[in-house]
There are 2 protein chains.
Amino acid sequence: MSRRVTSQDVADLAGVSRTTVSFVLNNVHRFSIRPETAEKVRLAAQELDYYPNASAKALASNQTKNIGLIISRAPQYIASDPFLPQILSGLLDALKENSQGLLLEWVEPGQQLQTYLELTRAHHIDGMILMTPRLDDPGLRALEEADIPVVVMGYIPGSSLHSVDVDNITAAETAVNHLLELGHRSIACITNAALPYTSATQRLEGYKSALKKAGVEFIPELVREADFDIQSGYRQMKSLIESAQEFTAVFVASDNVALGAYSALGEAGLSIPEDVSVVGFDDIPLASFITPTLTSVTVSGQEIAIESYNLLTRLMRGEMPEFRSVTLPTRLIPRESSREIGRRGKRGAEKKSANFVSCFNDQ
Amino acid sequence: MSRRVTSQDVADLAGVSRTTVSFVLNNVHRFSIRPETAEKVRLAAQELDYYPNASAKALASNQTKNIGLIISRAPQYIASDPFLPQILSGLLDALKENSQGLLLEWVEPGQQLQTYLELTRAHHIDGMILMTPRLDDPGLRALEEADIPVVVMGYIPGSSLHSVDVDNITAAETAVNHLLELGHRSIACITNAALPYTSATQRLEGYKSALKKAGVEFIPELVREADFDIQSGYRQMKSLIESAQEFTAVFVASDNVALGAYSALGEAGLSIPEDVSVVGFDDIPLASFITPTLTSVTVSGQEIAIESYNLLTRLMRGEMPEFRSVTLPTRLIPRESSREIGRRGKRGAEKKSANFVSCFNDQ
DNA sequence: AGCAACTATTAACGCGCGTTAGTAATGATA
DNA sequence: TATCATTACTAACGCGCGTTAATAGTTGCT
């Protein structure tokens, strides 16, 4: 437990004052410093393996150099979130350049206000990114008035907070249109999450809107709410099947949930896409490797992360961008899981999985 | 930008000194305080919405209340890591109880020493957890001497650092034994990562050891190194298939990689498990939902996380546990992807996916 | 009353750093 | 030589808090 090296030590070794050390190491040009002196200081710092104490620096400069990523979801849901790594990946990458740190935090429903306040007032962080908050999050109002930059990943209608999101409604419309164009008229829908999560509401919105524009009746019985994870997808798909409602296609607003749906469909003896076409959402890496490959809508978590970070950076610099929210484009990637209604026969002629499986039905 | 509320404000409102406020809010019992006074202070703090400044607290108490999770991997690999969410989930859950924060950091190969030093010397964190470091990590030596508690997720032979890991060797042996017991003798192996990652080396070790014990010759040409993600699994499986080496089973040391292998096998017209049995590793949630369901070895990321955290906590309290490393048990979960060699016909009689697919081969 | 033994509270210092206001030294100009 | 700007640096304060050593106030005992 060797004594900690302080800037005073560096100053002593370099034969200058602590102030000079600070100026040199922080590149303060307002007070000019002779190059030789600066060099002496740098050498001394290196010699002593000096690293300025983060807390002291934060206290004095009023900047923690940390940004917070707040996840509005309980740990058990975090565990199976295939999207989180992408977000983190993008954020960590961006943060490295500015040598900032990432503080991870989750808030349990009901504790949002408390948590937000603590984070901002205690000044743990310089800015925060809110991941997929719920519409009914009571803490958001407080954040609008907090004196700390905030960027929301996801859209919160009526909120004055800056936000970054994909155009969920349009994307969902595109996905459903794809199915409509393939001739499907009975299209079920499984949301990605409970409706208090805005993305779920919006994607459902897009689903409805696409049906409406195509003159197809909206049937509430064809809609199910999943809950982020595979299991919920499995459960809801099963529920759809057992409801005896007719449908030839499903729009599943999350690839992860869609994987559960795949499983339930398979278990029920229904083939994709022969019996049921499936369109997912998110385009997770697995989408192009699963059998059959999953038609999906690209959403780059990394892009969202980077865009959020850029926006946050501008806010932290004191700029007030003219826009309140950034909307990222999406793109439908048709794959094997969706095809024209009624068409049977060899699927995926173009690629893989053609004979991945054998014939259990035949015995 | 309202002025920040300090403990002095609370003291003023409560009509006591700042010291008393500190004693009350930090539950310092060494100096007794009259209950009524304490109550007054608490009320004042609540009234003012007082939250102690994190940096100041850290500086004064020499405790940041943050622990660091350091990922020895570049962001592009982080993006597709299905394991990370589990780790985070477990950690976040555990941290909440002690109201600690989680600082996320990644180190790029070559920058380990620098990063570790900065993190410890700058005292960003009170303790750190190292996720899957590489065997050739040059910074580990420095950490052994750093005056900060460190727990390594994964085993580093010869290191004096405390660690938590599953018994990779035994687990891999079990997985391969399972295949051997099913009659397989030509068993390929795809590692989960490059060999500098200890888990990869160890799992390969277990593979070799199981073969040896069973008197089966080890054929280097049957081994491939994957690289965490699905793509690499796809590539390496393809490489195996194209090598024209005979094999009736594969041990894939990561479920994620195995998903890529599934895809490559399907593309090549090989059925699982009729043509090739597959055993994975990690037992990710998807394992029991994919078709065919994937035989795997359970590794609970959350357990690892919690165990690591517990160990770290003890270290931070100054305890020196008698043991240096914790080894977590694993369990093989047989599913549909592995079966007796040569046996054909209906698979997975017990559960789902029986007729998930139809008969493309027949036309 | 006188002393000890508490109990309740506070003044004051230090944590390590950023930063402003100020000083000393040097050169340029009148 | 006196005056002033410029350069190169430093003394000293403050950030907000934890904590020790010291100080009043109270009670118990002889």
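These numbers were taken from a predicted model, which means no experiment stands behind them. Labels below follow one simple rule: chain letters A, B, ... track the order of the sequence lines, proteins then strands, and each chain is numbered from 1. What you see below is based on every heavy atom in this structure, not just the backbone, and it leaves out hydrogens, waters and symmetry mates.
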Q.
For B:Tyr155, give me all partners under ring pair (Phe, Tyr, Trp, His ring centres under 6.0 Å), at least two apart in sequence or on another chain.
A. none
Q) Phosphate oxygens OP1/OP2 of C:dT20: is one of them under 4.0 Å from a side-chain N or O of A:Arg30? A) yes
Q: For the pair B:Thr120 (side chain) and B:Leu117 (backbone), establish whether a donor and an acceptor sit closer than 3.5 Å, ignoring hydrogens and angles.
A: yes
Q. At their closest point, which heavy atom of B:Gly68 faces which heavy atom of B:Ile125, and how far apart are they?
A. N-CG2, 3.6 Å
Q: Describe the nucleic acid contact of B:Asn62 in one word from base, sugar-phosphate, nothing, applying a heavy-atom distance below 4.0 Å.
A: nothing
Q: Using side chain to side chain contact (heavy atoms under 4.5 Å, CB included) as the criterion, list what pairs up with B:Arg34, not counting sequence neighbours.
A: B:Glu36, B:Thr37
(Q) Can you list, in residue-number order, the parts of residues 41-50 of chain B that come under 4.0 Å of DNA chain D, counting heavy atoms only? (A) B:Tyr50
Q) So how far off straight is the helix from C:dA1-D:dT30 to C:dA30-D:dT1, going by the axes through five pairs at either end, to 10°? A) 60°
Q. Counting distance only, does the side-chain N/O of B:Gln112 pair as donor-acceptor with the main-chain N or O of B:Gly110 below 3.5 Å?
A. yes
Q. Which nucleotide of DNA chain D is the first, and which the last, in the 5' to 3' direction, to come under 4.0 Å of a heavy atom belonging to chain A?
A. D:dT7 to D:dG16
Show me the side-chain donor-acceptor pairs of residues 46-57 of chain B shorter than 3.5 Å, one per line, residues at least two apart or across chains.
{"unit_1": "B:Asn53", "atom_1": "OD1", "unit_2": "B:Ser55", "atom_2": "N", "d": "2.8"}
{"unit_1": "B:Asn53", "atom_1": "OD1", "unit_2": "B:Ala56", "atom_2": "N", "d": "2.8"}
{"unit_1": "B:Lys57", "atom_1": "NZ", "unit_2": "B:Asn26", "atom_2": "OD1", "d": "3.4"}

Q: Sort and list the pairs that fulfil ring-ring contact (aromatic ring centres under 6.0 Å, His included) and have at least one residue in residues 92-132 of chain A, not counting sequence neighbours.
A: none
Would you list the protein and nucleotides 5-11 of chain C atom pairs, both N or O, that sit under 3.5 Å from each other?
{"unit_1": "C:dA8", "atom_1": "OP2", "unit_2": "B:Ser32", "atom_2": "OG", "d": "3.1"}
{"unit_1": "C:dT9", "atom_1": "OP1", "unit_2": "B:Thr37", "atom_2": "OG1", "d": "2.8"}
{"unit_1": "C:dT9", "atom_1": "OP2", "unit_2": "B:Arg34", "atom_2": "N", "d": "3.4"}
{"unit_1": "C:dT9", "atom_1": "OP2", "unit_2": "B:Thr37", "atom_2": "OG1", "d": "3.2"}
{"unit_1": "C:dT10", "atom_1": "OP1", "unit_2": "B:Ser17", "atom_2": "N", "d": "3.4"}
{"unit_1": "C:dT10", "atom_1": "OP2", "unit_2": "B:Ser17", "atom_2": "N", "d": "2.7"}
{"unit_1": "C:dT10", "atom_1": "OP2", "unit_2": "B:Ser17", "atom_2": "OG", "d": "3.1"}
{"unit_1": "C:dT10", "atom_1": "OP2", "unit_2": "B:Thr20", "atom_2": "OG1", "d": "2.8"}
{"unit_1": "C:dA11", "atom_1": "N6", "unit_2": "B:Thr19", "atom_2": "OG1", "d": "2.9"}

Q.
The criterion is side chain to side chain contact (heavy atoms under 4.5 Å, CB included); which residues satisfy it with B:Arg317, sequence neighbours excluded?
A. B:Thr313, B:Arg314, B:Glu319
Q) Does a salt bridge link A:Asp12 with A:Arg18, judged by any charged N lying under 4.0 Å from a carboxylate O? A) no
Q | For B:Phe23, all residues meeting ring pair (Phe, Tyr, Trp, His ring centres under 6.0 Å), sequence neighbours excluded | A | B:Phe31
Q. Within the structure shown, what part of the strands sits under 4.0 Å from A:Ser22 by heavy-atom distance: base, sugar-phosphate, or nothing?
A. base
Q) Just how far is it from atom OG of B:Ser325 to atom NE2 of B:His162, taken to the nearest 0.5 Å? A) 9.5 Å
Q: Scan residues 58-68 of chain B for pairs that pass side-chain hydrogen bond (donor to acceptor under 3.5 Å, both in side chains), counting only residues two or more places apart or in two chains.
A: A:Arg4-B:Asn62, B:Thr64-B:Asp126
(Q) I need the full list of ring-ring contact (aromatic ring centres under 6.0 Å, His included) pairs touching residues 57-79 of chain A, with sequence neighbours left out, sorted by first then second residue. (A) A:Tyr77-A:Phe228
